[in-house]
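Have a look at the structure below before the remarks.
Below, chain A is the first sequence line, B the second, and so on; all start at residue 1. Here the structure is a predicted model, which is why all the values come from computation and not from measurement.
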Protein chains: 2
Amino acid sequence: MNKKYKLILVEDDSSLGYLLSEYLGMKNFEVVWAKTAEEAMLKTKSNAFDLAILDVMLPDMDGFELSQKIKGINPELPFLFLTARSLKIDVLKGFSMGAVDYLKKPIDEEELVVRINALLSRLTTSEEEEELASEYEMGDYILNMDNFELRHKGELIKLTGKEFDLLALLAKNQNQLCTHKEILTTIWDKNDYFNKKSLNVFVSHLRKHLGKDSRLSIVNVNRRGFMLRVEE
Amino acid sequence: MNKKYKLILVEDDSSLGYLLSEYLGMKNFEVVWAKTAEEAMLKTKSNAFDLAILDVMLPDMDGFELSQKIKGINPELPFLFLTARSLKIDVLKGFSMGAVDYLKKPIDEEELVVRINALLSRLTTSEEEEELASEYEMGDYILNMDNFELRHKGELIKLTGKEFDLLALLAKNQNQLCTHKEILTTIWDKNDYFNKKSLNVFVSHLRKHLGKDSRLSIVNVNRRGFMLRVEE
DNA sequence: CAAAAAGGTTAATGAAAGATTAATAGGATT
DNA sequence: AATCCTATTAATCTTTCATTAACCTTTTTG
């Protein structure tokens, strides 16, 4: 489920304003429609918008000027221009004022939506820095993906590159079968007889390394693959 | 003083490619021009780009497909499309693949530059937020980022520029692996065989400099990278 | 139950990667 | 122009580790 973004649309033309706000509403945006710059500023003061969409031609104020007023009210609020004036000088001016985009009318609604989504997803994902599991715990062992270390009760156990890769794959799928094919294609890139032989060697090495905790075992499922079993 | 951004331009048309790369070069960008998708992928592997500019029509591969390949090589690298095909379906497809923009030919160079600047200023300010400590303490050593000094129990140890850069990177990530790629692209800007050889020399120098505290060590993780380990 | 196939373990090997020291070259400074 | 400083390249030596091989044990199959 995605976050619902809140937009302010500043557009004096009634039919275009209505059309766009309806369309954006349908596309899961929360849209506030302002018909004048005055109105836009008031609403910006009292709402937490994620993006402002500004028409350049407004009855009471130039859109560029409005963008600066809005910046004064909420400097974090990104804005883009929507305009019939596609003069090159205007495009340059728009960006120089800090716009995140500049779209020429006639607007294609679908394109507008994908551009808005592209903008907002970039703006917000960089903030939300997702954390991907950097450690796997298996019995008394801890496999650290940041520094490629395996530790047993704090004691470092040296692993080679391939040993690590294999153990990481098994740990990621602990108590679940990893087929030969899956293992060989992800770690060796190639699924053939010789690499399968090599895999056996590495399984053997890992078993030695994991021997300090009897609850752990790498079990073979005949003709299918291997599984890291963690008991209890 | 602004950072010089590094771009890769993928464009098979010689005259347009030449024109754009010259123009962007004039505008203080470092531009690498690839004429084929193949070339683009190779260069992406060995360079730390800030943005990729992709033509949609390439001799050896579809630009959309190329964007996904590039994403596989460097998921952080933002890309935009440049195209003569302004079919609406293509615009939508471009954004759905993760593009940050989609520009229709004929390209106005000035507009391209302001769009690139708008994009990069937004993208990089959010990333580079990492708090920069002004000092890193490692065992008996103190690395001072303000005056570029390394001291051991007060005694100054002279470091060259590159030695300092490398140690700073390792210190920032102490007890965490720094991959070859990460090191080479941040300090050398380019990830190739010769720079990797150079890296070895610097690691060797740093080891000497850090030899006064046995709790510190720069460990190599075979085929992956280096890590500054600080014990207990 | 016997033969064949698959899996397990240990050791040998050779190519690739890493470490170290020295030589070289280019820029800056005096 | 001479000297110093530094990054890169070269040369050489050492270590690492994936693969291969050899041989043994277990499982499957007919």
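Between B/Val203 and the choices B/Asn220, B/Leu170, B/Ile218, B/Leu167, the side-chain contact (heavy atoms from CB on, under 4.5 Å) rule is met once, by B/Ile218. Looking at B/Leu7, B/Ile8, B/Leu9 one by one, the single match for side-chain contact (heavy atoms from CB on, under 4.5 Å) with B/Leu51 turns out to be B/Leu7.
Between B/Thr160 and D/dA7, a side-chain N or O to OP1/OP2 separation shorter than 4.0 Å is present. Note on B/Trp188: every side-chain N or O is 4.0 Å or more away from OP1 and OP2 of D/dA7. For B/Ser204, a side-chain nitrogen or oxygen approaches OP1 or OP2 of C/dT20 to under 4.0 Å. Taking only side-chain nitrogens and oxygens, A/Lys208 comes nearer than 4.0 Å to OP1 or OP2 of C/dT10.
A centroid separation of 6.0 Å or more is found between the aromatic rings of B/Tyr136 and B/Tyr141. Within the 6.0 Å centre-distance limit, the rings of A/Phe64 and A/Phe81 are counted as a close aromatic pair.
Aromatic ring orientation, B/Phe95 versus B/Tyr102: tilted (interplanar angle from 30° to 60°).
Candidate nucleotides D/dT6, D/dT20, D/dT9 were compared by shortest atom distance to the side chain of B/Phe194, and D/dT9 ranks first.
Cation-pi geometry between A/Lys196 and A/Trp188 is not met at under 6.0 angstrom from the ring centre and within 45 degrees of the axis.
If you check the side chains of B/Thr44 and B/Lys69, you find no donor sitting under 3.5 Å from an acceptor. If you check the side chains of B/Ser15 and B/Asp13, you find a donor sitting under 3.5 Å from an acceptor.
The rotation axes computed at either terminus of the helix from C/dC1-D/dG30 to C/dT30-D/dA1 lie 30° apart, taking five pairs at each end and rounding to 10 degrees.
Along DNA chain D, the nucleotide nearest to B/Phe202 and the one nearest to A/Val201 differ in position, and the one closer to the 5' end is contacted by B/Phe202.
Residue-level contact check: A/Val203 touches neither bases nor backbone, having no heavy atom under 4.0 Å from any strand. When heavy atoms are screened at a 4.0 angstrom cut-off, B/Ser198 is found touching base atoms of the nucleic acid.
Rounded to an integer number of Å, the gap from A/Leu167 CG to D/dA18 P is 14 Å.
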Between the protein and nucleotides 5-7 of chain C, list every N/O to N/O distance that falls short of 3.5 Å.
unit_1: C/dG7; atom_1: OP1; unit_2: A/Arg223; atom_2: N; d: 2.9

Distance-only donor-acceptor hits, side chain of residues 148-158 of chain B, under 3.5 Å, sequence neighbours excluded:
unit_1: B/Glu149; atom_1: OE1; unit_2: B/Arg151; atom_2: NE; d: 3.1
unit_1: B/Glu149; atom_1: OE1; unit_2: B/Arg151; atom_2: NH2; d: 3.2
unit_1: B/Arg151; atom_1: NH1; unit_2: B/Gly154; atom_2: O; d: 2.6
unit_1: B/Glu155; atom_1: OE1; unit_2: B/Lys212; atom_2: NZ; d: 3.4

